[in-house]
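Scroll down for the structure; my scribbles are underneath it.
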Protein chains: 2
Amino acid sequence: MLTVNHGSSTSLRAEALENSAKRLNTWQAIRADVLARIRSGEWPPGELIPTEQELAVEMGCARATVNRALRELASSGIIERRRKVGTRVASTSSRRTTLSLPVMRDEIEALGQRYHYALTEIEMRRGTAGALNALQADPEDELMLVKTRYLADGTAYCCETVWLNPKAIALPDPKLFEAEPPQEWLSRHLPVQQTRFSILADEATGACARSLELPSGTPVLAIERVNSLDAVPVSYARQFYPPQHRLIFDD
Amino acid sequence: MLTVNHGSSTSLRAEALENSAKRLNTWQAIRADVLARIRSGEWPPGELIPTEQELAVEMGCARATVNRALRELASSGIIERRRKVGTRVASTSSRRTTLSLPVMRDEIEALGQRYHYALTEIEMRRGTAGALNALQADPEDELMLVKTRYLADGTAYCCETVWLNPKAIALPDPKLFEAEPPQEWLSRHLPVQQTRFSILADEATGACARSLELPSGTPVLAIERVNSLDAVPVSYARQFYPPQHRLIFDD
DNA sequence: AAGTGGTCTAGACCACTAA
DNA sequence: TAGTGGTCTAGACCACTTA
């Protein structure tokens, strides 16, 4: 059992005033306080920190508020919580962060650049091995293949290959995709699908290389996503970004 | 304003029983229920859903419980909430998912493979442009450069380049890194640093290509991380994974 | 059996913002 | 100004796990 011994018994009021510039809520202030004590070494990795009840008394707030703060820290992988045992500072450097994948238009406009979308190619054809696997389709199934291209300020930003399974969703008039990206059409028709993401490094080849205006063989960042509805795969999309592109995320 | 009209006024009790197999909490049941109604098209993208108060009455629970459920949905980007306005089903397909970056040992052992770590190279030298920029160091500063290599079942899994800034942290005896990866040493000495991640596609060159047993020019997935302590960059690490490697995350 | 976190409640007040 | 979500409380009970 760990005994907390504060030099000065900091009350919540004092702390709230201290953090007034940042306008922190009570639970945010508690989260910050706990984080600071972990960073300072007061609570080293692997060590038990005080119970919710103890912290609530110390901070002068309700246990539910402490719970909220510690729950947020646990979901970030900073601490680990177990009933009856208590709360431990995580001993590994494992971290969880949130990756946000916005709509292409938003992504480009957030950079302050001009967005342009173009349909490159559209056809009904049999699936490649990857597409068949992702869509759980048969080799003789006719699938819709849509290739698109996104420009930012007139230069190639991303190219995309989308496979759609007609057995899983009623396909629109292909002309529709001349104006609207398949992903946006999908999200309008299948709100909140289940999506499985996958990020990998690939090399630009053929149409993809031409579309991105890159020499064949150039490394590109690939983001794959399979949208499913009721466990039935509906679409299999691959987006390719030129090598300058970075997925960035801070804590 | 939207009027909810249930065919059968489902009470929380009934719903809890319905979901008993899944052992859902009240807030999880509410989250599932709201998600189901969005998926079913009852609440299309862009539409306002009932207020917390209305849902609380309908579900027969406290408003705080509804709040918990809706907060979780909002943090996933499924719904958007604004005071005075209400809660809307997100109209874009923007999604947020959690990326978990475990410790290399855990990552490899989670695959059921044998973990092996090796120090490839270690020296004090002046920083490259990238390192200087990341560590906010001067060109004449001597930095510690550590190159390492991770094997899974004896085959190359990842190679890593870590720059450490002696001005920001007291460096250990270099021999220490023969046994312990720099990242793990760091996390033991700087618990819960601020980390900035960046993911990109690069190509294997020189020592990196040899280390991964790949031809020079092969696309590799690069994960960069800059650890900072009190806004002072301490380390700049780049991990390179062969092209088969995928970062996968489901919803 | 006992201790810890997880959830839930009923009510209150606050913060933000459209009207 | 009024309506909505955001937070907080004091207390209760439950779920899980170690002893």
Side-chain angles (χ1 to χ4, degrees), chain A residues 1-4 11-13 15-17 19-20 22-34 43 47-90, chain B residues 1-4 11-13 15-17 19-20 22-34 43 47-90:
Chain A
M1 191 55 55
L2 181 141
T3 310
V4 184
S11 82
L12 182 66
R13 303 293 176 210
E15 189 171 7
L17 288 175
N19 290 318
S20 61
K22 304 171 191 169
R23 299 189 183 200
L24 296 182
N25 301 323
T26 309
W27 73 264
Q28 290 169 331
I30 294 172
R31 182 182 60 178
D33 185 82
V34 170
W43 296 328
E47 186 142 334
L48 281 173
I49 75 174
T51 65
E52 293 188 348
Q53 182 56 47
E54 290 168 338
L55 284 173
V57 171
E58 184 193 336
M59 318 290 270
C61 68
R63 183 169 79 91
T65 309
V66 175
N67 180 273
R68 172 78 190 272
L70 296 187
R71 194 196 323 137
E72 302 275 341
L73 286 172
S75 81
S76 307
I78 310 272
I79 59 178
E80 293 164 354
R81 320 196 70 198
R82 286 172 63 196
R83 282 160 162 154
K84 164 73 179 176
V85 177
T87 300
R88 240 175 240 294
V89 179
Chain B
M1 192 55 54
L2 179 142
T3 311
V4 183
S11 82
L12 181 66
R13 303 291 175 210
E15 190 171 6
L17 288 176
N19 290 316
S20 61
K22 304 172 192 171
R23 299 190 183 202
L24 295 182
N25 301 323
T26 309
W27 73 264
Q28 289 170 332
I30 294 172
R31 182 181 60 179
D33 186 82
V34 171
W43 296 328
E47 187 142 332
L48 281 174
I49 74 175
T51 65
E52 293 188 348
Q53 182 57 46
E54 288 167 338
L55 284 174
V57 170
E58 184 193 338
M59 318 289 271
C61 67
R63 184 170 78 91
T65 308
V66 175
N67 180 273
R68 172 78 190 272
L70 296 186
R71 195 196 322 135
E72 301 276 341
L73 286 172
S75 81
S76 307
I78 309 269
I79 58 178
E80 293 164 354
R81 322 196 68 199
R82 286 172 64 197
R83 284 158 161 155
K84 164 73 179 177
V85 177
T87 300
R88 239 174 241 294
V89 179

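All chains are named by letter (A, B, ...) in the order of the sequence lines, taking the proteins before the strands, and each is independently numbered beginning at 1. Side-chain atoms are counted along with the backbone in the values below, which use heavy atoms only and exclude waters and symmetry mates. Not measured: the values here are computed from a predicted model.
Between the P atom of D:dC8 and the CH2 atom of A:Trp27 lies a distance of 8 Å, rounded to the nearest Å. Distance, A:Gln53 CD to D:dT9 P: 12 Å, rounded to whole Å. Between B:Ile79 atom CD1 and D:dG6 atom C1' the separation is 14 Å, expressed in whole Å. With rounding to whole Å, A:Arg68 atom CZ is found 8 Å from D:dC8 atom P. Distance B:Leu55 CG to C:dT9 P: 13 Å, rounded to the nearest Å. Following rounding to the nearest Å, A:Leu24 (CG) and C:dA15 (P) show an atom-to-atom distance of 14 Å. Atom P of nucleotide C:dG6 and atom CD of A:Glu80 are separated by 12 Å, given to the nearest angstrom. Atom CD in A:Glu72 sits about 11 Å away from atom P in D:dC8, given to the nearest Å.
When the side-chain nitrogen and oxygen atoms of A:Asn67 are compared with OP1 and OP2 of C:dG5, none of them lie within a distance under 4.0 Å. Within the structure, every side-chain polar atom (N or O) of B:Arg71 is placed at least 4.0 Å from both OP1 and OP2 of D:dG6. Residue B:Thr51 has no polar side-chain atom (N or O) positioned under 4.0 Å from OP1 or OP2 of D:dG3. One finds no side-chain N or O of A:Thr26 lying less than 4.0 angstrom from the OP1 or OP2 phosphate oxygen of D:dT7. At D:dG6, one or more side-chain N or O atoms of B:Arg81 fall inside 4.0 Å of OP1 or OP2 (strictly under the cut-off).
When every heavy atom of A:Trp27 is checked against every heavy atom of A:Ala69, the shortest pair comes out as O-CB, 3.3 Å.
How far CD of B:Glu80 is from CG of B:Leu48: 11.0 Å, rounded to the nearest 0.5 Å.
Among residues two or more places apart in sequence or in another chain, the side-chain hydrogen bond (donor to acceptor under 3.5 Å, both in side chains) test is passed with A:Gln28 by A:Asn25. Evaluation of the side-chain contact (heavy atoms from CB on, under 4.5 Å) rule for A:Arg71 yields A:Asn67, A:Arg68, B:Arg68, B:Arg71 as partners, not counting sequence neighbours. Residues forming a side-chain hydrogen bond (donor to acceptor under 3.5 Å, both in side chains) with A:Arg63 (at least two apart in sequence, or on another chain): A:Glu52. Applying the side-chain contact (heavy atoms from CB on, under 4.5 Å) test to A:Ala74 and every residue at least two apart in sequence or in another chain returns A:Ile79, A:Arg81. Every residue meeting the side-chain contact (heavy atoms from CB on, under 4.5 Å) condition with A:Ala62, not counting sequence neighbours, appears here in chain and number order: A:Thr65.
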List, with names and distances, any nitrogen or oxygen atoms from the protein found under 3.5 Å away from nitrogen or oxygen atoms belonging to nucleotides 14-16 of chain D.
residue, atom, partner, partner atom, Å
D:dA15, N3, A:Arg83, NE, 3.3

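A residue-by-residue look at A:Val85 and B:Val85 shows that B:Val85 has its nearest nucleotide of DNA chain D further toward the 5' end. Between A:Leu70 and B:Val66, the residue whose closest nucleotide on DNA chain C is further toward the 5' end is A:Leu70. Residue whose closest nucleotide on DNA chain C sits further toward the 5' end, between A:Ala64 and A:Thr87: A:Thr87.
Evaluation of atom-type donor-acceptor distances gives a pair under 3.5 Å for the side chain of A:Arg63 against the base of C:dG6.
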For this session: Run the numbers on B:Ile49 and B:Leu70 for side-chain contact (heavy atoms from CB on, under 4.5 Å), then give the verdict.
Result: CA-CA 11 Å; B:Ile49 74 175; B:Leu70 296 186; 4.3 Å; yes
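Comparing D:dT18, D:dG5, C:dC8 by their closest approach to the side chain of A:Arg82 singles out D:dT18.
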